[in-house]
Number of protein chains: 2
Amino acid sequence: MEQNIIVSVDVVLFTLSEGQLKIVLLRRERDPYAGQLALPGGYIHADKDRDSLASAERVLLNKTGLVSPYLEQLYTFSGGVRDPRGWSLSVAYYALVHESLLVPDAELRFELWPVAAVPDLPFDHNRIVDHAAKRLRDKSTYTSLPCHLLPELFTLTELQQTYEHILGVALDKSVFRRKLPELDFLEAVPDAIRQGKHRPAQLYRLRPDRRLTIFDKTV
Amino acid sequence: MEQNIIVSVDVVLFTLSEGQLKIVLLRRERDPYAGQLALPGGYIHADKDRDSLASAERVLLNKTGLVSPYLEQLYTFSGGVRDPRGWSLSVAYYALVHESLLVPDAELRFELWPVAAVPDLPFDHNRIVDHAAKRLRDKSTYTSLPCHLLPELFTLTELQQTYEHILGVALDKSVFRRKLPELDFLEAVPDAIRQGKHRPAQLYRLRPDRRLTIFDKTV
DNA sequence: GTTTGTTATTTTCATATTACCACTAACAAA
DNA sequence: TTTGTTAGTGGTAATATGAAAATAACAAAC
């Protein structure tokens with residue numbers, strides 16, 4: 001049976017930089033659209049990849065050097081007009097990573113673009129980005145997702161600011177902190193207290209067994 | 001480029017029957033697994049289908065006669081071990097429909113099975129069903145989704161019972177009704193009052209522009 | 001006609017939760 | 001010792017919730 005469908009994965013990789021939600025874009029090496037900024041992506045290799053998640057991991061590793069950030073399937077985009085090469089199907093993923101893990105490299109030339117100002121992208125990549133940003137914002141209202149944009153250890157204030165940056169709204173400090181016992185995806189790291197110029201703050205980490213914790217109600 | 005990936009769609013079609021959430025299964029006509037119960041599904045036809053949603057609509061029409069029930073992409077399942085024919089990828093959809101639209105037909109031989117007692121299915125169809133049931137239950141806590149399991153017009157009591165059947169918990173009557181102004185996906189149909197043996201009830205319909213209304217908080 | 005049974009819909013009210021704002025605590029540097 | 005800044009806690013009025021009772025509208029029985 002001959003289907004002639006191009007099957008690929010694309011990844012929207014989010015990070016938080018300068019108080020803004022940004023995504024990773026890179027210049028395409030090959031046609032179509034060689035030289036243009038686009039999402040990291042690539043063909044699914046039936047001989048190499050266990051499943052499409054493995055394809056996404058491979059693409060992330062090859063194009064950004066990342067090993068295991070938070071990675072979740074987003075949506076599958078398909079049709080005859082999205083790629084000039086013909087009918088295509090792309091399983092889109094989105095990933096979250098702390099800025100510090102995006103190390104510039106001579107080999108890997110990627111760029112960070114604010115979600116609020118993503119340029120025109122080839123294929124239907126703008127649609128994919130919009131879809132991913134919406135998913136991230138929606139899910140951030142009731143899950144622990146934003147933790148993955150922070151470093152291993154972080155303070156409650158930093159976590160609250162992360163939620164605020166993603167959601168674009170100010171949250172109440174005492175409400176946010178009162179919710180924490182309920183949201184038991186955090187664990188305080190007793191020995192680690194961040195010293196700064198001012199009052200030191202308790203450091204927390206995301207519990208490894210709670211990488212995606214869902215809570216009812218809103219943050 | 002030769003990928004040798006089988007690309008298909010599968011649909012989990014839900015309905016509410018005898019107070020139970022059920023899905024449509026049908027006997028496979030062809031190998032592999034000819035004669036076994038499985039989800040309605042089929043290849044994506046790059047020459048016929050605008051996109052994978054169109055494939056799902058076509059499959060639903062051909063195998064169940066349904067035209068436009070609520071239909072939403074669920075998840076994409078892929079890998080080398082799910083189909084004996086080789087590396088395959090299936091874009092799974094789920095659909096909701098009122099029981100009355102599932103008309104038995106000499107041509108279309110499908111069966112209704114309670115979600116709570118789905119038999120062993122070929123491929124990874126049990127996994128797909130579980131995923132769909134979870135999605136439906138989760139989303140029913142904060143959306144208007146359950147409306148699609150009801151007929152065009154329904155009473156508030158019927159709507160509440162539908163939520164209760166899906167979620168498997170009893171809901172408070174007055175709380176449910178108080179939420180309605182907030183949940184403005186319903187519109188009362190002033191002329192239509194259902195007459196029964198007892199006090200007649202106001203009939204409502206789902207606002208056509210609010211087929212999937214999301215509300216924060218829980219039902 | 002009146003009563004009774006049943007379902008629809010609203011009201012009441014005690015309790016729990018939330019939003020908002022003010023307060024106290026701990027540190028460095030002036 | 002004072003001041004500035006960030007961390008963390010408390011108090012309260014408004015709002016939402018959960019449980020139950022009250023009221024309303026009908027058919028059928030009496």
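A note on names: the letters A, B, ... follow the listed sequences, proteins ahead of strands, and every chain is numbered from 1.
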Checklist outcome for this item: When rounded to whole Å, the CZ to C1' distance for the pair A:Phe176 and D:dG10 reads 19 Å
Checklist entry - In this structure, are over 12 heavy atoms from other groups packed under 6.0 Å from B:Arg207 atom CZ? => result yes
Next on the checklist: Are more than 12 heavy atoms, taken from residues, nucleotides or ligands other than A:Glu29, located less than 6.0 Å from that residue's CD atom?
Outcome noted: no
Next on the checklist: For a quick check, with a 4.0 angstrom heavy-atom cut-off, what is the B/S/- contact string for nucleotides 19-30 of chain C, read 5' to 3'?
Outcome noted: BBB---BBBS--
Next on the checklist: Rounded to whole Å, how long is the line connecting atom CD of B:Gln161 with atom C1' of C:dA8?
Outcome noted: 12 Å
Checklist entry - For atom NZ of B:Lys179, is the number of surrounding heavy atoms from other residues, nucleotides or ligands below 6.0 Å larger than 12? => result yes
Item to check | Spacing of A:Asp216 atom CG relative to C:dT17 atom P, expressed in whole Å | outcome: 11 Å
Checklist entry - Taking a pair as Watson-Crick or G-U wobble with both distances under 3.5 Å, which nucleotide is matched to C:dA30? => result D:dT1
Checklist entry - Have A:Asp216 and B:Thr218 got a donor and an acceptor in their side chains that come within less than 3.5 Å? => result no
Checklist entry - Rounded to the Å, how far apart are B:Arg177 CZ and D:dT23 P? => result 18 Å
Checklist outcome for this item: From CD of A:Gln160 across to P of D:dT9 the rounded distance in Å is 13 Å
Checklist entry - Are any side-chain N or O atoms of B:Gln202 and backbone N or O atoms of B:Val189, one a donor and one an acceptor, separated by less than 3.5 Å? => result yes
Next on the checklist: Without decimals, in angstroms, what is the distance between B:Leu183 CG and D:dA16 P?
Outcome noted: 13 Å
Next on the checklist: Under 4.0 Å from OP1 or OP2 of C:dA8: is there any side-chain N or O of B:Thr157 that close?
Outcome noted: yes
Next on the checklist: Check whether A:His131 reaches the backbone of A:Arg127 with its side chain - one donor and one acceptor, N or O, closer than 3.5 Å.
Outcome noted: no
